[in-house]
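Owing to the predicted nature of the structure, the values given are computational and were not obtained by experimental measurement. Throughout, protein chains are lettered first and strands after them, A, B, ... in sequence-line order, and every chain is numbered starting at 1.
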2 protein chains.
Amino acid sequence: MLKTAIDLDRAAMILKLLGDKTRLTMVKILDNHDCCVCEFVEIFKVSQPSISQHLRKLKDVGLVKEERRGQWIFYSINKNNEHYPFTLQVLNQLPDQDYKLRELEEKGNRITCC
Amino acid sequence: MLKTAIDLDRAAMILKLLGDKTRLTMVKILDNHDCCVCEFVEIFKVSQPSISQHLRKLKDVGLVKEERRGQWIFYSINKNNEHYPFTLQVLNQLPDQDYKLRELEEKGNRITCC
DNA sequence: TTAGTATATAACAATTTGCTTATATATACA
DNA sequence: TGTATATATAAGCAAATTGTTATATACTAA
């Protein structure tokens, strides 16, 4: 049994969470960078509540955590979460998504907002 | 970039497929054994159409293939499929599900049926 | 204190999902 | 050939999902 072994029910639950393009991209980005809600709104071009709801789902299983910094709330990966090792094995197979953050920076939106 | 790199849209699509307890278990079992529909019906205790519909989804993306053997149709993993390497990285983290087949054998249902 | 910004939550509509039952098709065998 | 078995497909339904708009909350700064 691998160190990352996870029971099948929980694995299915995590895969379902990751099986959404928006959330999968979020988690991939968060694995390398903290981000706030407004950045994701800009990246995914959907409403702010939609982003908050995706983040809520990720937070509910403990995969991400939030931290207020003044006016903003920053999300980050909770690398201590029991499901993180399993998740990481998935993330490691995905192409880097950091170019999305770089595009924000070039437009000045990363600095302005967060 | 890993050899198994997969574009993010496709990854999300595959993860969504695997993010169902029934399908995830099916694929895990099929990775080691060919199975026919009636075995899955027995294992999962759901209707035969429900099993067929799950298998259909897996077949539609090419992850499994079917082969008629007389009265029965056997499903197996399509290890040549473009999404198999990605899928395998997920499967390798899951606990073995072969005990479910052994339970069938003990009840005589594996031999009788297939 | 008041206005503006960032975020969360509630309520709702449209879509998707996963099951069921009914039925069609294909094979096996008496 | 006629009947039984294995599977697929169609149709219908309830629950879940994902987006939206409206609104509440919390912080910042004038």
Side-chain angles (χ1 to χ4, degrees), chain A residues 8-9 12-27 30 34-76 104 108-114, chain B residues 8-9 12-27 30 34-76 104 108-114:
Chain A
L8 200 130
D9 287 29
M13 185 264 289
I14 295 296
L15 293 172
K16 187 175 184 176
L17 257 188
L18 300 178
D20 173 276
K21 193 179 155 184
T22 302
R23 285 191 297 268
L24 186 61
T25 308
M26 278 177 163
V27 174
L30 288 173
D34 295 2
C35 286
C36 67
V37 176
C38 57
E39 288 178 302
F40 286 133
V41 170
E42 177 74 14
I43 288 173
F44 294 110
K45 308 291 185 201
V46 294
S47 67
Q48 171 267 312
S50 179
I51 295 297
S52 282
Q53 285 154 14
H54 281 302
L55 287 166
R56 176 65 195 264
K57 289 182 185 186
L58 295 171
K59 201 181 65 172
D60 281 349
V61 302
L63 262 185
V64 308
K65 55 189 178 187
E66 61 179 35
E67 176 201 359
R68 180 175 282 276
R69 297 185 201 161
Q71 201 168 358
W72 299 280
I73 294 180
F74 276 75
Y75 282 82
S76 58
L104 280 198
N109 286 332
R110 187 141 205 241
I111 302 155
T112 309
C113 165
C114 309
Chain B
L8 200 129
D9 287 29
M13 185 263 291
I14 294 296
L15 293 172
K16 187 175 185 177
L17 256 188
L18 299 179
D20 173 277
K21 194 178 153 184
T22 302
R23 284 192 297 268
L24 186 60
T25 308
M26 279 177 163
V27 173
L30 288 173
D34 295 3
C35 286
C36 68
V37 177
C38 56
E39 289 179 301
F40 285 133
V41 170
E42 176 73 15
I43 288 174
F44 294 110
K45 308 291 187 201
V46 293
S47 67
Q48 171 267 313
S50 179
I51 295 297
S52 283
Q53 286 156 12
H54 282 301
L55 287 166
R56 176 63 194 266
K57 290 183 185 183
L58 295 171
K59 201 182 65 173
D60 281 349
V61 301
L63 263 186
V64 307
K65 55 191 177 184
E66 60 180 37
E67 177 202 358
R68 181 174 280 277
R69 295 184 201 162
Q71 201 168 357
W72 298 281
I73 294 181
F74 276 75
Y75 282 82
S76 57
L104 279 197
N109 286 332
R110 187 142 207 239
I111 303 156
T112 309
C113 165
C114 309

Smallest separation among heavy atoms of A/Lys16 and B/Gly19, with atom names: CB-O, 3.4 Å
Atom-to-atom span, CD of A/Glu66 to P of D/dC27 - whole angstrom: 12 Å
5'-most by nearest nucleotide on DNA chain D - A/Asp20 or B/Ser50: B/Ser50
Any A/Ser52 side-chain nitrogen or oxygen under 4.0 Å from OP1 or OP2 of C/dT7: no
Whole angstrom value for the distance that separates C1' of C/dA8 from CZ of A/Phe74: 17 Å
Sugar-phosphate only, base, or nothing, as touched by B/Lys16 at under 4.0 Å among non-hydrogen atoms: sugar-phosphate
Sugar-phosphate only, base, or nothing, as touched by B/Arg23 at under 4.0 Å among non-hydrogen atoms: sugar-phosphate
For atom CD of B/Glu67 and atom C1' of C/dT27, their distance in whole Å: 15 Å
Nearest atoms (heavy-atom pairs only) where A/Arg23 meets A/Leu17: NE-O, 2.7 Å
Spacing of B/Arg69 atom CZ relative to C/dA26 atom C1', expressed in whole Å: 18 Å
Side-chain (B/Glu42) to main-chain (B/Glu39) donor-acceptor, under 3.5 angstrom: no
Touch class at under 4.0 angstrom, heavy-atom based, for B/Lys57 against every strand present: sugar-phosphate
Selection from D/dT7, C/dA6, C/dA8 that lies nearest to any side-chain heavy atom of A/Trp72: C/dA6
Spacing of A/Met13 atom CE relative to C/dT17 atom P, expressed in whole Å: 20 Å
5′-ward residue of the pair A/Ser47/B/Gln53 relative to DNA chain D: B/Gln53
Integer-rounded Å distance: C/dG18 P and B/Met26 CE: 12 Å
Minimum heavy-atom distance A/Val37-A/Tyr75, with the two atoms named: CG2-CE1, 3.8 Å
Base C/dT9 paired with A/Gln48 side chain (donor-acceptor, <3.5 Å): no
Whole angstrom value for the distance that separates C1' of C/dT9 from NZ of A/Lys59: 11 Å
Integer-rounded Å distance: D/dT9 C1' and B/Ile73 CD1: 13 Å
Result of checking B/Leu55, B/Leu104, B/Thr22 against B/Phe40 for side-chain contact (heavy atoms from CB on, under 4.5 Å): B/Leu55
Sugar-phosphate only, base, or nothing, as touched by A/Tyr75 at under 4.0 Å among non-hydrogen atoms: sugar-phosphate
Side-chain N or O of A/Arg56 closer than 4.0 Å to phosphate OP1/OP2 of C/dA8: no
Under-4.0 Å side-chain N/O to phosphate OP1/OP2 contact, B/His54 with C/dT17: no
Listed nucleotide nearest any side-chain atom of B/Gln71, set D/dC27, D/dT5, C/dT20: D/dT5
